[in-house]
Amino acid sequence: MKRYSKTVAQQCRYYEVENIYEYMVETYLNGNISTLRELYRELCTEARKEFISYCFSEVNPQYLIEIIQTTV
């Protein structure tokens, strides 16, 4: 079943993680690019914006552009 427009709290509970954004970045770094795309699409619009902001503040610049391009 597809999940869409979920909040950060809902996603954290569903995937049983403390920080969904950190989890999303880790999936990308582990080579699961399609999983990152799916997780991003499941987020509501506001959470998507927060994820992009999170990337700019927390992600190694080496991976930043790649992650942003993957989500678009």
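Residues take their numbers from the sequence shown, with the count starting at 1. What you are looking at is a predicted structure, and each value in this text was computed from that prediction instead of being measured.
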- Message: Using the rule given for side chain to side chain donor-acceptor pair (under 3.5 Å), can you reason through Glu38 versus Thr35, listing the C-alpha separation, both sets of side-chain angles and the distance that settles it, and then say yes or no?
- Response: CA-CA 5 Å; Glu38 290 173 22; Thr35 303; 5.4 Å; no
- Working for side chain to side chain contact (heavy atoms under 4.5 Å, CB included), residues Glu42 and Tyr15: CA-CA 12 Å; Glu42 291 175 1; Tyr15 290 103; 2.8 Å; yes
- Task: Test side chain to side chain contact (heavy atoms under 4.5 Å, CB included) on Asn32 and Glu26 and set out the steps.
- Result: CA-CA 9 Å; Asn32 299 320; Glu26 287 175 8; over 6 Å; no
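Put simply, Val72 and Ile65 are part of two different groups of oily side chains (I, L, V, M, F, W, Y) that touch within less than 4.5 Å, one to the next. Both Ile33 and Tyr63 sit in one connected hydrophobic cluster of ILVMFWY residues. Membership requires side-chain heavy atoms under 4.5 Å apart, directly or through other members. Note on Leu39 and Leu29: same hydrophobic cluster, where clusters join Ile, Leu, Val, Met, Phe, Trp and Tyr whose side-chain heavy atoms are under 4.5 Å apart, directly or indirectly.
Interatomic distance, NZ of Lys6 versus CD1 of Ile20, reported as 13.0 Å (0.5 Å rounding). To the nearest 0.5 Å, the span separating OG1 on Thr71 from CZ on Arg37 amounts to 9.5 Å. Expressed to the nearest 0.5 Å, how far CD1 of Ile52 lies from CG of Leu43 amounts to 10.0 Å. In this structure, the separation between CG on Asn19 and CD on Gln11 is 12.5 Å, given to the nearest 0.5 Å. Separation of atoms OH (Tyr23) and CD (Glu16) is listed at 10.0 Å; rounding is to 0.5 Å. Between Asn30 atom CG and Leu36 atom CG the span is 11.5 Å, to the nearest 0.5 Å.
Across every non-hydrogen atom of Val8 and Ala47, the tightest pair is CG2-CB, 3.8 Å.
Among residues at least two apart or in separate chains, side-chain hydrogen bond (donor to acceptor under 3.5 Å, both in side chains) pairs with a member in residues 43-58 are Tyr21-Glu50.
One side chain, Glu66 or Tyr28, offers a donor N or O that lies under 3.5 Å from an acceptor on the other.
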